Colleague: 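Got a structure for you, questions after.
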Amino acid sequence: MNEQSLAWCGSFFMDTKFDHTKIEDEIYQKWQNDGVFSPEKSFEIRKKAGLEVKNENFSVLMPPPNANAALHCGHATYAIQDLMARYKRMCGFKTLYLPGVDHAGFETQVVYERKLKKEGKSRFDFDRQTLFNNILEFVKQNSDVAVNQLRKIGMSADWDRTVFMLDDRVVNTVYDTFERMYKEGLVYRSDYLVNYSPFHGTTFSNLETTHIEQKDPLYYIKYGPFVLATVRPETKFGDTAVAVNPKDERYKEWIGKEIEVEGLVGIFKLKVIADSYVDPEFGTGVVKVTPAHDPADFEAGLRHGLEAISVIGLDGRLNQLCGKYAGMKVLEARKAIAEDLRNAGLLVKVDETYTHNIVVDYKDHKPIEPMLLPNWFIKMDGLSKEALKAVREGKVKFNKPTWKKQMITWLENTRDWPVSRQIVFGIRIPVWYSYTENPSMHVVFIDEKGISHDGKLSELIKQGFSLSQVIEGLQKLIAPKDAKFIVSRISPGEDFIQDTDTFDTWFSSGQWPLTTLHYPNGEDFKEYYPTSFMDSMWDILFFWLARMLMFGMYLGKQVPFKQVYVHGRIDDEFGRKMSKSLGNVIDPLEYIAKYGADALRMGILVGGNTSAKNTSLSEAKVKGYRNFANKLWNMARFTIMMIDSLEGTLPDINNILDLTEEDKLMMGNLEKTVKSVTKHIDKLRFQLAGDEVYQFVWHDVADKYIELVKNREGEEKTKGLVILKHVMLTCIKLLHPFMPFVTEAIWENLDKDNKVCLALSEWPK
RNA sequence: GGGCGGUUAGCUCAGUUGGUUAGAGCACCGCGUUUACAUCGCGGGGGUCAUUGGUUCGAGUCCAUUACCGCCCACCA
């Protein structure tokens, strides 16, 4: 035992209880000082010590935790990545575990806006740049919290390589990608029916929306010669056709004819179209078609060449096309219009029992208004095709067939990806509009006195504001859909204003394997791409894993990771999802403080099946594994005590002969356990691996073999202790990826001649 | 509407080539202060493996059916 290790064990090792609080931080510091987490350093250390080193790398990227909050229980699943990294490192692979932090654009902004609200402020009180800087400051404070908490769990990540999503280098790579895609025709700006949230003031991709069931009145209204059913009479001013099913005999004669509809604000002339998307069984079998405010109608509009007329504005209110209803909020207008239709004798009946699914955002479940807005889009066909091919060919393996199936289905059905978000916190879209060429741009800005101005840029200039004044206090810019623009990351000249939209978070995090490894010319990229292992929960299978696959194939020309491990959600002890409203949220830091990181890790890795859809965690479980850590500790203590009470030195395991039947059995079982545990980990069956060592250590070694050796005398006892020591050393190696702290502490005390720390010792064979 | 999971002890779950009497942890009951550990030891109770049917010498395990629970995707006004 060397001086350094004495410092943190010493008399402490005589304690009958294992106190994790006394050693965890110190051991972590020691690993870090020794260079255990650096692939290069740890590789050299093993080489020098004469331990096996492989010619192959093992690399795993840490899914960057959101920088907007402290860690939650889900982050405890990072133990899976750490288990793999530690295991592979011990097997002799040059192992890189690369950490990072995400800016989590939209989510962070939502969190920050809630904070502002508490202070009686809102995002509208700040110009764009100031708001961005404030949020960035907020994030920087929190990302330290997140990183330090990850250290507490024992992550053997190379922190010197930590990447933040808004690092200049990352942002530049993201810009490179956008520019390249633009040059290759994969980027376009278009009016498209997007999911717009009047509440959040931004667009969402399809993935960021969800459906909830809701009861709404279904209005049967007279519509020219027809009666039709609708829940949205307020969109009637944007109707540009009426549709029926082509097979519907009732309306066959009307197809292709023009009808006149007496509206509440004049008379509409509409064409009757036939389209199979109409269900003859629903309502009366007649549908009003509103391409600008309904996804199905939008598609139908494209098929039939219909005009799309927007009647709802970004503020969620009806616009000037709606006559006296202009300025009303959607629901308000709906009621008013229904009432007026009733009074005009145009309302046939109302079905109050009608339930249907409405689209809401995934975060706050606020209603989504489908809107026709100019947005930046990425063409998905080519990108998804390459990713699909790689998945089908097995270039990337999945821990369960169902994830592969889901991935294939999603990649087969991708739609173009709207990547612009109308939020401030993110990577700003590198596109500039010239004022001279686009005088009709709409801007919102705050002047020096803090007064907000909103209007056409040319008008505001006429009023005496200078362009630089506008740019200085700029909040929002809306360029017309046919605006002329230049793609550039720096200003092309004084006449230009940059787009105020930012990229969808997943546009940058989708490039994570590339940016973290310094694509395209960095050493790490050459050395560690494609990465070996990627662990993530199923909730971001499409958001993130699919996007990484696409960017990986597009830029890196290879899959970004060879093995995907999809883990389950951590639920509470009754299998319920953790939620604030249920009050069943477990704070991982609390359990670490109380029972130790080792116990928490075991609770996740062995107490449940991480690859199941959901897995439950409970205090009782973690406590049980804390007991196991204590058991292990005392087994080691007792072994050392028995060895110390012997006279003379302990013979080498290779020099002992004439083993008893019990000794042979022990050695045989040990060998079986080593083989089985190794196989289980190789097959990613962590629970079975961990449980097997647990059972072996506790019930074979402690309950039986130690009891046996304890009662021996003389030479028999000496031999037994030689074997016991060997068994203990082997077991703590097997357990190290699961319980790094207690095993490392035992190693220092049990093997006084150790050349390297346990984290760099050789995996038993 | 399409697709996918799950159902094994009071609770959380294992059971990965179909093969003795179905296991673990926690909880429960009884006993126990031995050279470590009471965060321990020894012993014990408790399951018609959701339903029904099939394949098989043999089914918790494979196939089909039903029921219940849950998830994902989706443009039914």
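Source: prediction; values computed, not measured. Each chain gets a letter, A, B and so on, in the order its sequence line appears, and its residues count up from 1.
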Colleague: Looking across every strand, which nucleic acid part, if any, lies under 4.0 Å from A/Glu573 by heavy atom: base, sugar-phosphate, or nothing?
Modeller: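 A/Glu573: backbone/sugar contact only, no base atoms under 4.0 Å.
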Colleague: Rounding to the closest angstrom, what is the interatomic distance between B/C37 and B/C42 at atom P?
Modeller: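 Going atom to atom, P in each nucleotide, I get 15 Å.
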Colleague: A/Tyr277 ring centre to A/Arg303 NZ or CZ under 6.0 Å, with the angle to the axis within 45°?
Modeller: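 Flagged: A/Arg303 positioned over aromatic ring of A/Tyr277.
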Colleague: For A/Glu716, check salt bridge (charged side-chain N to carboxylate O under 4.0 Å, His left out) against everything at least two apart and list the hits.
Modeller: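 A/Glu716 satisfies salt bridge (charged side-chain N to carboxylate O under 4.0 Å, His left out) with no residue once adjacent residues are dropped.
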Colleague: Determine the interatomic distance between C1' on B/U34 and the same-named atom on B/G44; round to the nearest Å.
Modeller: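 One C1' to the other, the span is 23 Å.
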Colleague: Report which part of the nucleic acid A/Ser618 touches: base, sugar-phosphate, or nothing (heavy-atom distance under 4.0 Å, all strands).
Modeller: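 Answer is nothing: A/Ser618 stays at 4.0 Å or more from every strand.
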Colleague: Please figure out whether A/His699 or A/Gly607 has its closest RNA chain B nucleotide nearer the 5' end.
Modeller: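 Of the two residues, A/Gly607 wins.
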Colleague: Name the nucleic acid region contacted by A/Lys621, choosing base, sugar-phosphate or nothing; use a 4.0 angstrom heavy-atom cut-off, strictly under.
Modeller: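 Sugar-phosphate contact only - A/Lys621 comes under 4.0 Å of backbone atoms but never of a base.
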Colleague: How would you label the contact of A/Asn609 with the nucleic acid (heavy atoms, under 4.0 Å): base, sugar-phosphate, or nothing?
Modeller: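 Here A/Asn609 touches the backbone only, sparing every base.
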Colleague: Under 6.0 Å between ring centres: does that hold for A/Tyr354 and A/Tyr220?
Modeller: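 Centroid distance A/Tyr354-A/Tyr220: not below 6.0 Å, so no.
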Colleague: What are the 5'-most and 3'-most nucleotides of RNA chain B lying under 4.0 Å from any heavy atom of chain A?
Modeller: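 Going 5' to 3' along RNA chain B, contacts run B/C4 to B/A77.
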Colleague: Going by the side chain to side chain contact (heavy atoms under 4.5 Å, CB included) test, name the single residue among A/Ile273, A/Val287, A/Val289 that passes it with A/Val278.
Modeller: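 Exactly one option meets the side chain to side chain contact (heavy atoms under 4.5 Å, CB included) with A/Val278, and it is A/Val287.
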Colleague: What does A/Asp297 touch in the nucleic acid at a heavy-atom separation under 4.0 angstrom: a base, only the sugar-phosphate, or nothing?
Modeller: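 The answer is nothing, as A/Asp297 stays clear of every strand by at least 4.0 Å.
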Colleague: Can you confirm whether the side chains of A/His567 and A/Thr77 place a donor and an acceptor under 3.5 Å from each other?
Modeller: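 Yes - a donor-acceptor pair under 3.5 Å links their side chains.
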Colleague: Any luck finding a side-chain donor-acceptor pair between A/Asp239 and A/Thr290 under 3.5 Å?
Modeller: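 Short answer, yes.
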Colleague: Students often get this wrong, so: under 4.0 angstrom with heavy atoms, is A/Trp698 touching a base, only sugar-phosphate, or nothing?
Modeller: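 Counting heavy atoms under 4.0 Å across all strands, the contact made by A/Trp698 is with sugar-phosphate only.
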Colleague: Checking all strands, does A/Glu281 fall into the base, sugar-phosphate, or nothing category for heavy-atom contacts under 4.0 angstrom?
Modeller: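 Touches nothing.
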Colleague: When all nucleic acid strands are considered with a 4.0 Å heavy-atom cut-off, which category describes A/Phe628: base, sugar-phosphate, or nothing?
Modeller: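 Contact class for A/Phe628: none.
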Colleague: For A/Leu688, report the nucleic acid contact type (base, sugar-phosphate, nothing); a contact means any heavy atom under 4.0 Å.
Modeller: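 Since a base atom lies under 4.0 Å of A/Leu688, the category is base.
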Colleague: Can you check the distance between B/G47 and B/A22, where both ends of the measurement are the C1' atom (answer in whole Å)?
Modeller: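 Result for the C1' pair: 9 Å, nearest Å.
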Colleague: What interatomic distance, in whole Å, is found between P of B/C69 and the corresponding atom of B/G30?
Modeller: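 Taking atom P in both B/G30 and B/C69, they lie 39 Å apart.
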Colleague: Is it true that atom CD of A/Glu715 has more than 12 heavy atoms of other residues, nucleotides or ligands lying nearer than 6.0 Å?
Modeller: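 Not more than 12 within 6.0 Å, no.
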Colleague: Answer yes if the ring centres of A/Phe533 and A/Tyr87 are under 6.0 angstrom apart, and no otherwise.
Modeller: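 A/Phe533 vs A/Tyr87: aromatic centres not under 6.0 Å.
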Colleague: Report which part of the nucleic acid A/Arg232 touches: base, sugar-phosphate, or nothing (heavy-atom distance under 4.0 Å, all strands).
Modeller: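 It contacts nothing in the nucleic acid.
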Colleague: Just to be sure I understand the rule, does A/His680 reach a base, reach only the sugar-phosphate, or reach nothing, if contact means heavy atoms closer than 4.0 Å?
Modeller: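 A/His680: no heavy atom of the nucleic acid under 4.0 Å.
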Colleague: What pattern of brackets, bars and dots sums up RNA chain B from 5' to 3', given Watson-Crick or G-U wobble pairs under 3.5 Å, [ ] for crossing pairs and | for another strand?
Modeller: ((((((((.[[[[.)...(...]]]].(((((.......))))).....[.[[[..)....]]].])))))))....
Colleague: For a quick check of understanding: with a heavy-atom distance under 4.0 Å over all strands, which category does A/Tyr354 fall into, base, sugar-phosphate or nothing?
Modeller: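 Sugar-phosphate only.
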Colleague: Parallel under 30°, tilted from 30 to 60°, perpendicular over 60°: which one fits the rings of A/Tyr591 and A/Tyr595?
Modeller: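 Plane angle over 60°, so perpendicular.
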Colleague: Scan A/Val278 against the nucleic acid and name what it touches under 4.0 Å (heavy atoms): base, sugar-phosphate only, or nothing.
Modeller: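 Base: the residue A/Val278, judged by heavy atoms under 4.0 Å, touches a nucleobase.
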Colleague: When you compare B/U20 with B/G15, how far apart are their C1' atoms, in angstrom units rounded to a whole number?
Modeller: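 The same atom, C1', in both gives a distance of 16 Å.
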Colleague: Which residue lies toward the 5' end of RNA chain B, A/Arg303 or A/Arg712, if each is placed at its nearest nucleotide?
Modeller: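 Per heavy-atom nearest nucleotide, the more 5' residue is A/Arg712.
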Colleague: Side chains of A/Asp598 and A/His20: any donor to acceptor distance under 3.5 Å?
Modeller: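 Side chains of A/His20 and A/Asp598: no pair found under 3.5 Å.
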Colleague: Given the P atoms of B/C49 and B/C62, what is the spacing between them in whole Å?
Modeller: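 To the nearest whole Å, 15 Å.
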Colleague: Rounding to an integer number of angstrom, what distance separates B/C13 and B/G6 when you compare their C1' atoms?
Modeller: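 13 Å, rounded to whole Å.
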Colleague: Between B/U48 and B/A38, how far apart are the C1' atoms? Round to whole Å, please.
Modeller: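 About 39 Å, rounded to a whole number of Å.
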Colleague: Taking everything shown except A/Lys717 itself, do over 12 heavy atoms lie less than 6.0 Å from its NZ?
Modeller: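 Yes, enclosed.
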